[in-house]
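First comes the structure, then the notes that go with it.
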Amino acid sequence: MKKLKPDHKGKAVYLSAPVNALVQGYYEQNTTIAEIKEHGDFGLGTFNDLDGEMVILDNIVYQVKDDGMAYPVGDDKETPFACLTFFTPDTVEEINGERLDVPLEELLNLLIPSANMLYAIRIDGEFKYIKTRSVPRQENYRPLVEVAREQPTFEYHEIKGTLGGFYTPQFMASLNVPGYHLHFMNEDRTRGGHMLECEFKEITVGLQHVPRLEVGLPLTIDYLTADLTEDTRRDLEEAEH
Ligand SMILES: [Zn+2]
């Protein structure tokens, strides 16, 4: 089943900061949840002091703490990095038949028409297996790749829920996590995290192409004086997969 709803002129994927600052350990910015919600009702990110994973679904912002439990958060919390858009899918497809046996990344590669476009992706349904991680609260300036080496991970079997996130072209790697970046929430929105592995059963995939990127540059002394000339792609690859 395919539904077409092609009207999001002017819509953008919004980043509250370039991801390379986060990768280098800049975990405190003065951007509030209220501010980022002006730019979307769907997305992901983290919180100041790298205090857990952020998942935004249906305009509710959740914080997944380092025990894997999720809590809705208020508008005054702050984030060093978040990525959002207003989600209105171009297509919603039920996955069945032979495509049920395809690994998730391959399936998404088949569904997205171009590797050079930004896409928002929402997957609802039942999963055979999901492995997630969350990040524990950190001191500022500790590189993300070091933190990620000690991340707590969580495994779920036969679980219903939602994956939400983005596809970003490789050439935008200093601004956003390149490739697929998906965060998970279970059906009753009590557990979740950054998706590391996934085997799906019955799912629908909502896809929205977004032909514009908007990047906020934080007005903090920390950000303004940071040395962001380093190529962080390798660290990002290790930290996010
Ligand atoms: Zn993530």
Side-chain angles (χ1 to χ4, degrees), residues 13-27 29 31 33 36 39-40 42-57 60-71 73 77-85 87 104-105 108 118-123 127 130-138 142-156 161-170 172-186 189 191-198 213 215 232-241:
V13 166
Y14 172 77
L15 298 168
S16 68
V19 78
N20 63 357
L22 186 79
V23 174
Q24 293 199 35
Y26 293 89
Y27 301 139
Q29 301 298 348
T31 312
I33 300 304
I36 63 168
H39 301 273
F42 172 91
L44 46 73
T46 184
F47 297 90
N48 268 13
D49 308 307
L50 204 67
D51 193 10
E53 305 283 347
M54 182 192 290
V55 192
I56 308 157
L57 293 174
I60 302 171
V61 181
Y62 300 92
Q63 179 179 20
V64 181
K65 301 252 193 165
D66 64 356
D67 59 359
M69 300 296 288
Y71 308 89
V73 297
K77 241 185 160 39
E78 292 172 317
T79 171
F81 177 80
C83 178
L84 295 91
T85 197
F87 189 64
L104 183 64
E105 185 163 344
L108 294 174
L118 288 155
Y119 295 91
I121 303 164
R122 176 173 172 149
I123 302 171
F127 301 87
I130 289 225
K131 184 177 178 184
T132 64
R133 72 109 194 268
S134 189
V135 277
R137 196 181 167 89
Q138 291 301 313
R142 188 164 176 232
L144 187 64
V145 68
E146 272 181 39
V147 176
R149 283 178 193 140
E150 10 182 281
Q151 63 195 5
T153 60
F154 308 93
E155 290 177 282
Y156 303 103
T162 304
L163 286 166
F166 298 89
Y167 168 83
T168 301
Q170 292 295 330
M172 292 181 184
S174 57
L175 300 175
N176 199 7
V177 176
Y180 299 103
H181 184 194
L182 298 165
H183 284 191
F184 178 71
M185 287 290 282
N186 67 352
R189 309 296 191 235
R191 305 193 69 92
H194 169 103
M195 189 206 87
L196 295 171
E197 288 172 45
C198 161
L213 180 68
V215 187
T232 52
R233 267 177 294 185
R234 264 207 7 231
D235 280 3
L236 186 58
E237 172 72 26
E238 186 183 331
E240 298 297 326
H241 292 98

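These numbers come from a predicted model, not from an experiment. Just the heavy atoms: all of them, side chains too, but no hydrogens, waters or symmetry mates, feed the values below. Read the numbers this way: they start at 1 and go in the same order the structure lists the ligands and their atoms.
Thr132 places a side-chain heavy atom less than 4.5 Å from the side chain of Tyr156.
Each protein N/O/S atom under 2.8 Å from the Zn ion (ligand 1) was counted, for a total of 3.
Ring-plane geometry between Phe127 and Phe184 is classed as perpendicular, the angle between the planes exceeding 60 degrees on a 0 to 90 degree scale with a lower cut at 30. Taking the six-membered ring where tryptophan is involved, the planes of His39 and Tyr14 are essentially parallel, since the angle between them stays under 30° and well short of 60°.
The 12-atom threshold is exceeded at CZ of Arg142, counting heavy atoms of other residues, nucleotides or ligands nearer than 6.0 Å.
With respect to Glu197 and Arg133, no salt bridge is recorded, no charged nitrogen being found less than 4.0 Å from a carboxylate O.
Across all their heavy atoms, Gln29 and Pro80 have their closest contact at CG-CA, 3.7 Å.
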